[in-house]
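Everything on this sheet refers to the single structure shown next.
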There are 2 protein chains.
Amino acid sequence: MEPSPQFERIRAYYLSLLPALTSDAWELCTDHFTIRTLKKGEFLQKQGVVANHVSFLNYGLLRMYHLVDGREKVSEFFKEGDYAADYRSFLMREPATTFVQALEDTEVVDLSFDDLQVIYKQIPEANYIGRLIAEELFKDMCRRTTTQVTVSIDDQYAAIVRDKPWLIQRVPQYMIASYLGVTPEALSRIKSRAGKRSRKIPLRPVTAPVAEIVTAAQP
Amino acid sequence: MEPSPQFERIRAYYLSLLPALTSDAWELCTDHFTIRTLKKGEFLQKQGVVANHVSFLNYGLLRMYHLVDGREKVSEFFKEGDYAADYRSFLMREPATTFVQALEDTEVVDLSFDDLQVIYKQIPEANYIGRLIAEELFKDMCRRTTTQVTVSIDDQYAAIVRDKPWLIQRVPQYMIASYLGVTPEALSRIKSRAGKRSRKIPLRPVTAPVAEIVTAAQP
DNA sequence: CTTTTTCCTTAACCCAGGTTAATAAATAGA
DNA sequence: TCTATTTATTAACCTGGGTTAAGGAAAAAG
């Protein structure tokens, strides 16, 4: 069987986690993969439904959000190369609390829960990959939580502009506002504040206004 | 070697995750475990230091917090039976961004990063346990995030009183306030509001004021 | 290109929570 | 026990973000 180009990206991802991945093991994986496409606006996941797949994005863009008394609260974006799912629902076999919707036409590699369990049984190393993926997701959530507690909204937005310009390019402002936990109106204010700031700031301390490096303090 | 009573609780925990855990594998684990005690106020982890252990709590109580311009922001509590650590720092081998401090005299079973890697090498099933633990931590963070987005502060506090009375008993109010993301003064207001509410509420809709069950909506 | 819809911005008003301060209650130390 | 320190409460004031509303820009539909 010749390698499907649709599995190349996920193969590279698995190899990056487990360079020793054998071609036998890989074949077994691809037996369980299925390709699916979503048109802009379609849903990968809906609230109330148990997530039955994890989906690796070949291309496209998704958003995850909660619906809380009529309002959408964006919690995550997924782009090409990411694993997307309500992983909590997938793991717990409980109805999802979130929606995951395509913001662009998107192609994913699906793997169902049952198929994944088969893989875990038949390929012990899969547990290793599964561990690394879960750890990676955990780290990401830690990063997010730390940022929310640690960084002002204004700086969080500045960080997005600086570090994730693709978000600004591909996602409407009101979703980014929601992601930051504020209203679109508030994000407008943030942006106008940022505008004034950056016009003034050149006069700021030229000598390294670096964040202090915090070392272990005494109790 | 006769079983140490200090490892009984963690043994039960591992067995709950992997009933098939062999005694050989368990012996190998205990070879790497060390017992440590912390007096109230002492630190398990300090900001700026790479977390070198994961610590299973035999008894006691810990809090994890960020220090952001002089203020403590509590992000987590750990009690007997929990695994405590700055797991992000532990996994990434990067300096911790958090402090973890004992709120009571505490006894932990330590496992160092290097020892854990040895265990992962020698016992393939360990990856399975590691995966489940990482997944569990991920699920907990999801729960927390969902709650923060979904539930009002007043209801979050009510939920703590209802579901985690041990938190109320063992932790000062101002730390719970911090955990909820508000000031102690705000928590006082929340409590007084709750007082008024519960005195009035008996007159509320007697016919099942249940949260609507949300099913998959149409796109 | 025009129309329609979606998205963004600005302004005025309001309010929950932060801030400060003062007091009371509870806990720890002597 | 009594004192000192920590913790909790309450009130007055202030501020930043929510809310509402309206106008303008941009994108999609025709």
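Residue numbers begin at 1 in each chain, while the letters A, B, ... track the order of the sequences.
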Check: Would you say a side-chain N or O of B:Thr183 is under 4.0 Å from OP1 or OP2 of C:dG18?
Finding: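 Result: yes.
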Among the nucleotides [options], which one has an atom lying closest to any side-chain atom of [X]?
X	options	result
A:Glu185	C:dT10, D:dG18, D:dA8	C:dT10
A:Arg189	C:dG17, D:dG18, C:dC8	D:dG18
A:Ser188	D:dA28, C:dC8, D:dG17	C:dC8

Next item on the list: For A:Gln173 and for B:Ile153, locate the closest nucleotide of DNA chain C by heavy-atom distance; then report the residue assigned to the nucleotide nearer the 5' terminus.
Entry: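 The 5'-side residue here is A:Gln173.
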Note to self: Which heavy atom of A:Gln45 sits nearest to which heavy atom of A:Ala96, and what is that distance?
What the structure shows: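 For A:Gln45 versus A:Ala96, the nearest heavy atoms are NE2-CB, 3.4 Å.
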Item checked: Ion pair check, B:Arg170 and B:Glu104, cut-off under 4.0 Å ->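 B:Glu104 and B:Arg170: salt-bridged.
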Notebook entry, point to check: With the threshold set at 4.0 Å, does a side-chain nitrogen-carboxylate oxygen contact exist between B:Arg36 and B:Asp110?
Noted result: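 Salt bridge between B:Arg36 and B:Asp110, a charged N being under 4.0 Å from a carboxylate O: yes.
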Let me know the distance between [atom1] of [X] and [atom2] of [N], rounded to the nearest Å.
X	N	atom1	atom2	result
B:Arg193	D:dA11	CZ	C1'	15 Å
A:Ile176	C:dC7	CD1	P	13 Å
A:Leu103	C:dC7	CG	P	11 Å
B:Arg71	C:dG17	CZ	P	17 Å
A:Asp154	D:dT15	CG	P	17 Å
B:Tyr157	C:dG17	OH	C1'	17 Å
B:Lys191	C:dA16	NZ	C1'	19 Å
A:Arg170	C:dC7	CZ	P	17 Å

Note to self: Check whether A:Thr145 reaches the backbone of A:Met141 with its side chain - one donor and one acceptor, N or O, closer than 3.5 Å.
What the structure shows: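 At least one qualifying donor-acceptor pair exists.
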Next item on the list: Assign each of A:Ala186 and B:Leu187 to its nearest nucleotide of DNA chain D by heavy atoms, then name whichever residue's nucleotide is nearer the 5' end.
Entry: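 Of the two residues, B:Leu187 wins.
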Margin query: For B:Phe33 and B:Tyr14, take the angle between the two ring planes, folded into 0 to 90°, and tell me which bin it lands in: parallel under 30, tilted 30 to 60, perpendicular over 60.
Written below: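 Ring orientation, 0 to 90° scale: perpendicular.
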